[in-house]
Each structure stands twice: as structure tokens, then as C-alpha cells.
Amino acid sequence: MKKITAMAASLLVAASTMTAMAESNPFLEAYTAKYEIPPFEQIKTSDFIPAIKAGIEQQEENLANILRNRATPDFDNTIVPLENLSPILERVASVFYHYDSCMKTPEFAAMAEEAIPLLNDAQNKVMLNQQLFDRIKSIYDMRDKMGLTPVQKRLVEKYYRQFSEQGAALSPEKKEQLVKINDELSNLFIQFNKNLLNATNEFFVTVYDKADLAGLPDNVIAAAAEEATARGLDGLWVFTLRAPSRLPVLESADNRGLREAIYKGYTTLASYGANSNYPVIEKIVKLRAEKAKLMGFDNFAQMQTAKVMAKTPEAAEELLMQVFEPAVKRSQEEVADMQAYVDANGGGFKIAPWDYYYYAGKVKEQKFGLSDADIQPYFSLENVKNGLFYCAEKLYGIKLVEMPDAPKYMDEVTVYDVQDAKTGEHISVFMTDFFPRSTKVQGAWMEQMQPAGMYADGVMKRPIVYNVCNFSRPAGDVPALLTLDEVETMFHEFGHGLQGMLGQSKYKTLAGTNVDRDCVELPSQLNEHWATSPEVLRYYAKHYKTGEPISEEMIQKIQDAAKFNQGFITTELAGAALLDLAWGKTDGEGVDVPGFEAAFAEKIGMPEEITYRYRSPYFKHIFGDDGYASGYYTYLWAQVLEADAWELFQQKGIFDKKTAEVYKKNILEGGDDEDATVLFKNFRGHAPDAKALLRLRGFEEAPQKSKDIKVYKDKH
């Protein structure tokens, strides 16, 4: 009796404690804001660890409920509960990983070092649980006899594959080894990203003489002056390695010494001193090789490619070499043009890597009468965004309505209600975060903070999607003006966003961008094409001062120059992808990182004027986590799909309703409900044509005759 009373009292205390925690910790209860947007203004760094621990406790309880169910394992009693194993953990993890990339204050970074091992351990306890895997395997083995729908069957197969890939089928001893390796890798990823962020923030170049700024756009000079003032260097100019500062210097600065300083600063980023990533990479490569052997593969690249469209590293390399070799040949022609320009203008030097961007611009202007300085005033961020949304409405029937009172984690974040343009029905929440900060890593990306699909108790929810970029900030009375490359980046990331926003999958694991890595870049890369299409440029490209539309002459110049410099662009991308696969095939023993890179560059015939798009110490895609490791090639793999798809839009009309509808249904809405190759064939009418990429890059002639859409019928 006393024990019961004591237990009741303790439960009452625990309940009141949880209620108090929920009131102060926004992650512990379902969000109450419209569309369940996270209450960012209420979230404190101190909320994350308690919420993660509470989420792990909820996960363990729900997992135990699945395992103690004595009924024969089936889709409803095992797979469906797995889709919503811990709502608390799902809420806190989605915000945590977002903040880890774009709100990484010193306080958050310190907390993250405790949080990430907790999150990894929680994942291991699920993915390596033998009882759970046995249940999934029994459903997988009987999937053809259970009366499952094709989508349910695919979800079962995906769970079985994911658990197998994570080592669920290993012996207890090997599972223990795998957990140890994964923990070590996780810590190394943290260190890699920490070194990269610190190295990026620490490097800067100070300019003392205004004459050394010749050639740079006014808005870039103004931004450099503001950066100097922020560092207590009034009257000077400071340039950093962040893209809005670095790229204009490489592209426009007449001072060759300034270009060289920025180029060498970037290409030696995180390569020396306390922030060197060389020893980190050496350990990562070795551990990945050990992990692959443990999982029954010859090497890490083989393990990574086995689960996607490529199937083998050799198949990926074959595709890469098909474009790398003609790209190198074209880049040699480009260098020859640049050298001729230098010689004709009394340069007296040989083109070096830090000259490439600058003299590519000079040759481009000479050949096409087009310079970035001429076109950038027409690309204010707001105007480009208008063009982006115009295309989305015209192609896919959606409109984006700003939500000024929605929760946001920074004032400069904008939140939109994505609606059906005809009915006003809610489709998604979309958030943008466009400008660089010291707490944000470089680059541009999209993520699903909440994927579409079925949540607890069968509730269907629409997604919350965000785009993050690092564009030039407004400076003085000049708005944020984008380069053509940044315009394409905005369209690129929004292409990912469209797949997240429009996804119609019933199950979260299959929804939106949860597709094979080597086709996930199709919507993003395809969407870039609308950015510079004449019809679209006429709509949004207007001078930020006068409002005057871009001229037909300038539009034609942009079209004429579209295939310019493709040798360089393709060579640096394919070179990085080949390097990534090479890292995945090594055992890591006695690796010297710069020596490995140099030897591989010589092996594949990398031109001396071009380096890899990312050198290893700042190749975050492959060493900051496992996301694109031995998978960076997927950008080019997806470019084959993109090029083939764009040829159809060109043939039918870039706003052709039928083509857009078939594309939307199969690619943007389809998610991972069906095999990616089947969905592509449903849209395109044939298997991906690798030659389409060569035609798009201008390495081969484009076809003359159009083809009708043909619907592919899966033999099954």
C-alpha cells in the first residue's frame, strides 16, 4: 500500500515536472503556430539537449511497443509506427540540423558536440536493433503475399534496404565495431566542419589603396568597406573567402596580386595550422575503408554506389570520363583564347589558375559584348525572386504568399504560404535565408524541415521547406544584386524546393527529396534553365535604378554566351567527382592528402590552370558528413537527366502545359513512390540519353527534329 502510494506520488511529481518542461521547452509539444511552423523566437540553445533526451525516451518507449506486439509482423503494426517513432525527436532534430548549418553560434557549437553523439546513438539503437530488423525482414520476405499496395511494398523494401545498409544484419561483434566506427566518424565530421568554419572566418585580405580595387563593382567595394568597418578598420577594404566577397575579386579585380591572394587563400582553406583538415581527412578515409570491409564491400565507393542508380563506382567513372575528356579539350581552347587576350594586351605572363575567372570574363566580353557588370544591375534579388515565382505559377499552378507574422529565426528570413493558384488551398510552407553570416557555412542548400506525409494517428501534413544561400547583401542604397551564377543558384535551390513542396507521397520516408542521391539533382538543375530563358528574362530582369527591362540585344548576348566557358565548368566539376570516387576506393593507409590530390590530377590529366571545384580540406560535401561521399558524381549523373528533360521542354515550349503536367506528376510529386528510372521514363518516354549532356554543353550538335511525349509502361 505504501509502495503504491509512493509510486502514485512520484508519478504525480513526474507529470507536473513534464508539464513545466513542456511549458518552457517548445520542442516537447506539438507546435501551435499556423501550419505548425516551429516557434523559433521561443527556442533557446538550452532547449535542445533536454528535448533530444526526451525524444530519445519517447523513441525507446514506442520502439518497445512495436517489439512487444505478439501479432505477426505486418505493415500496420511495424512499418507505420516506424514512420512516427518519436514526434519529439523529429521536431527537435529538424531544427537542430538546420541551426547547425546556419545558426552555429559558439554557444550552439558547444552544445552540438554533446547533441550529435546522443542523436547518433539514438539512431544506432533503432537501426541496429536485431528484433526490429527480424520483424522488418519477415515483412520483406512476405511482401508479395500480404496484399500490399505497390507504394507500401516499396516502403517495406526501402526500410529493409536502409536497415541492411546500416548493418542490421551484422553479427553482434561486427555491430559493436560498426557503432564504434560511426561514432568516430561523427566526431571527425564535427571537427572537419568546425575547422572549415573557423578557417573561413579567420582569413581575410585587407586593401589599403583604393587604386587596387579597380574593376570591382561599386556594391562589392561598398560591402568590403562595411566589412572593414565591422573589423575596426575604418577607411580600408576587407575581402573574405565567402562567395559574395571571393568570387567578385576573382572575376573582376584588375589587380592580379589581389586575385592571387584570394585564390590561394581559398584553395589552401583549412590546410594549415590549428584548422588543418589534413589529419581529419586521413582518419575519415581510413575509417570508411574499414566500414566498407565490415559491410562486405571491397571499398567505400563500392558500398555507396551499390544503393543508387549507378550501382558501381566504375559505372559512375565511365559517365564522368565521357564528359571529362571533351571538357578538358574544350578548356584547353578556352585557355588558348585567354592567353591570346593576355598577349595582345601586353600582359607578359602565362595564364595561372587565379586568372581563369577574370580573363574568361574578358574573352566573353570580347566575343559576345557581355560582362557581369553590364547585366548585374538587372538582377536585384527581389526581381529574380519575382521571376522565380512567376515560373512556378505558370508551370505548376502555385503562388507564394508572404506570411509576415510567421515565426522566424532571423529577421531577414522570409516565410511564404505556398498555395494552389486557383483555389487558394495550402500546399506547403517555404522559407528563405539568403545572406551570409559568420554563423552560417558557405554554399547553398534546400531541406525539408517537415516532409509531407502521414504523421501520428494518421494525420496528413504538408511540408515545411527552406532554401539557404549566401548572396551579396545590400550595400548602402544599392540592393542585393546577383551575378548570373547566383541567379542560377537561386533557381537551382528552388528546384529542390519544388520537389519538397509539391510531393504527394503518403509516407514521409518516400516523400519529396527522399529519393536516390543520383537523381535528386534533376529538379534543381532543370529549374536553372528557366532563369535565362528569353521569355522569363523579359518578365523579371529590370534595372534596379530605372526599372527599365533588359534589352533584347542583351538577352541575345546571354543566349549566345550560354555555352561559353563550359570546358572550365565541366572540368572542375567532373574532376572533383572523380577525386571523390578515388578517395572512396583507397584504403587510407599512409595517405598524404595534398600528394594524393596532385597524383590523381596528373593521372586524369587535370589542366594546370584548373583545380578541383573543391579541394579535399574544404570539400564539405564528402568530408563534412556522408551525404555525398563517393556520390558527388551524382551532380553530373543528374545533369544527364536534366539535359534530356530540357530538350523536351525546348521542343514542346518551355511553358507547355502538357509537358509541365507530366513532369510535375512524375518527378516533382512522385517522390520515391516508384523507381527513379521508371518515373523518368514515364515523363520523358525513353531511358536517359547521355549524349544529351554533351549537346547541352555544346560538345556535340543538338538534334534537329522534335519528338512527341511517349508514356513508358513498366513491364511489371
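Scope of the values below: all heavy atoms of this structure, side chains included, with no hydrogens, waters or symmetry mates. All values derive from a computational prediction rather than experimental measurement.
Side-chain contact between Leu668 and Pro523 is present, with heavy atoms from C-beta onward closer than 4.5 Å. The shortest side-chain heavy-atom distance between Gln450 and Val465 does not fall under the 4.5 Å cut-off. The shortest side-chain heavy-atom distance between Thr532 and Glu488 falls under the 4.5 Å cut-off. A 4.5 Å side-chain heavy-atom check between Ile464 and Pro38 finds at least one atom pair inside the cut-off. Between Thr432 and Tyr416 the shortest side-chain heavy-atom distance falls below 4.5 Å. The shortest distance between side-chain heavy atoms of Pro436 and Pro244 falls below 4.5 Å. Counting heavy atoms from C-beta outward, Phe683 and Leu648 have side chains that approach closer than 4.5 Å. Residues Thr611 and Pro353 form no side-chain contact, since every pair of their non-hydrogen atoms from C-beta on lies 4.5 Å or further apart.
With 3.5 Å as the limit, one finds no donor-acceptor pair spanning the side chains of His621 and Tyr614. Residues Tyr539 and Asn386 have side chains that never bring a donor and an acceptor to within less than 3.5 angstrom of each other. Judged by distance alone, the side chains of Tyr356 and Glu334 do bring a donor and an acceptor atom under 3.5 Å apart. Between the side chains of Asn666 and Asn682, at least one donor N or O lies within less than 3.5 Å of an accepting N or O. Side-chain N/O atoms of Glu521 and Ser524 include a donor and acceptor closer than 3.5 Å. Side-chain polar atoms of His686 and Asp644 form a donor-acceptor pair below 3.5 angstrom.
Note: Phe430 and Phe494 meet the aromatic proximity criterion, with ring centroids under 6.0 Å apart.
If you take OG1 on Thr659 and CD on Gln650, they are separated by 12.0 Å, rounding to the nearest 0.5 Å. Here the straight-line distance linking atom CG of Asp672 with atom OH of Tyr507 works out to 14.0 Å at 0.5 Å rounding. Atom-to-atom distance recorded for Ile558:CD1 and Ile375:CD1 is 5.0 Å, nearest 0.5 angstrom. Between the SG atom in Cys519 and the CG atom in Leu679 there is a gap of 8.5 Å [rounded to 0.5 Å]. Interatomic distance, Glu661 CD to Leu395 CG, rounded to the nearest 0.5 Å: 10.5 Å. The structure places CG of Asp580 at 5.0 Å from OG of Ser630, a figure rounded to the nearest 0.5 Å.
More than 12 heavy atoms of other residues, nucleotides or ligands sit less than 6.0 Å from atom NZ of Lys461. Heavy-atom contacts from other residues, nucleotides or ligands closer than 6.0 Å to NZ of Lys158 number more than 12. Counting non-hydrogen atoms of other residues, nucleotides and ligands closer than 6.0 Å to NZ of Lys311 gives a total above 12.
Heavy-atom minimum distance, Ala561 versus Leu370: CB-CD2, 4.1 Å. Residue Gln442 comes nearest to Ala243 through the heavy atom pair OE1-N, 3.7 Å, listed as atom of the first residue, atom of the second, then distance. Contact detail for Arg695 and Asp689: the closest heavy-atom pair is NH2-OD2, 2.8 Å. The heavy-atom pair separating Trp530 from Val536 by the smallest distance is O-CB, 3.2 Å. Smallest separation of non-hydrogen atoms from Gly575 and Tyr612: O-CD2, 3.4 Å. When every heavy atom of Pro607 is checked against every heavy atom of Ser331, the shortest pair comes out as CG-OG, 3.7 Å.
Using a distance-only test at 3.5 Å, with no hydrogens or angles considered, a donor-acceptor pair links the side chain of Thr546 to the main chain of Glu548. The backbone N or O of Ile427 lies less than 3.5 Å from a partner atom in the side chain of Arg462, making a donor-acceptor pair. The backbone N or O of Ile667 lies less than 3.5 Å from a partner atom in the side chain of Gln499, making a donor-acceptor pair. Remark: the backbone N or O of Leu502 is paired with a side-chain donor or acceptor of Gln504 at under 3.5 angstrom. In terms of modelled atom types and a separation under 3.5 Å, the side chain of Tyr540 and the main chain of Ala531 share a donor-acceptor contact. Between the side chain of Ser472 and the backbone N or O of Ala480 there is no donor-acceptor pair closer than 3.5 Å. The backbone N or O of Val413 sits nowhere less than 3.5 Å from a side-chain atom of Asp433 that would complete a donor-acceptor pair. Under a 3.5 Å cut-off, the side chain of Glu486 and the backbone N or O of Thr483 do form a donor-acceptor pair. One N or O on the side chain of Asn470 and one on the backbone of Val441 form a donor-acceptor pair closer than 3.5 Å.
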Indicate every side-chain donor-acceptor pair of residues 634-643 with a distance under 3.5 Å to a residue at least two apart or in another chain.
| residue | atom | partner | partner atom | Å |
| --- | --- | --- | --- | --- |
| Thr634 | OG1 | Gly631 | O | 2.6 |
| Gln639 | OE1 | Arg697 | NH2 | 2.6 |
| Glu642 | OE1 | Gln525 | NE2 | 3.4 |
| Glu642 | OE2 | His529 | NE2 | 2.6 |

Which side-chain N or O atoms in residues 417-426 pair as donor and acceptor under 3.5 Å with protein atoms at least two apart or in another chain?
| residue | atom | partner | partner atom | Å |
| --- | --- | --- | --- | --- |
| Asp417 | OD1 | His426 | ND1 | 2.7 |
| Asp417 | OD2 | Tyr35 | OH | 2.9 |
| Asp417 | OD2 | Gln419 | NE2 | 3.1 |
| Asp420 | OD1 | Lys422 | N | 2.8 |
| Asp420 | OD1 | Thr423 | N | 3.0 |
| Asp420 | OD1 | Thr423 | OG1 | 3.4 |
| Thr423 | OG1 | Glu425 | N | 3.2 |

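Legend: salt bridge (charged side-chain N to carboxylate O under 4.0 Å, His left out) pairs involving residues 363-377, not counting sequence neighbours, sorted by first then second residue: Asp337-Lys367. Listed by first then second residue, pairs satisfying salt bridge (charged side-chain N to carboxylate O under 4.0 Å, His left out) with a partner in residues 395-414 read Glu412-Arg437, Glu412-Arg473, not counting sequence neighbours. Sorted by first and then second residue, the salt bridge (charged side-chain N to carboxylate O under 4.0 Å, His left out) pairs with a member in residues 522-542 read Lys394-Glu535, Arg538-Glu552; sequence neighbours excluded.
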Working for ring-ring contact (aromatic ring centres under 6.0 Å, His included), residues Tyr544 and Phe379:
CA-CA 8 Å; Tyr544 79 94; Phe379 293 145; over 10 Å; no
Assess the residue pair Phe655 and Phe649 against the criterion (ring-ring contact (aromatic ring centres under 6.0 Å, His included)); give the C-alpha distance rounded to whole Å, side-chain angles, the decisive distance to 0.1 Å, and a yes or no.
CA-CA 8 Å; Phe655 288 117; Phe649 274 103; 8.9 Å; no
Which is it for Tyr266 and Tyr618 under the ring-ring contact (aromatic ring centres under 6.0 Å, His included) test, yes or no, and what are the steps along the way?
CA-CA 9 Å; Tyr266 182 63; Tyr618 51 93; 4.7 Å; yes
For a ring-ring contact (aromatic ring centres under 6.0 Å, His included) check, start with the C-alpha distance between Phe619 and Tyr632, then their side-chain angles and the critical distance, and finish with the verdict.
CA-CA 10 Å; Phe619 205 163; Tyr632 194 67; 5.0 Å; yes
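Salt bridge present: Glu553 and Lys557 bring a charged side-chain N and a carboxylate O closer than 4.0 Å. Salt bridge status for Asp673 with Arg154: absent, with no side-chain N to carboxylate O gap under 4.0 Å.
Remark: Tyr97 engages no residue in a ring-ring contact (aromatic ring centres under 6.0 Å, His included) (not counting sequence neighbours).
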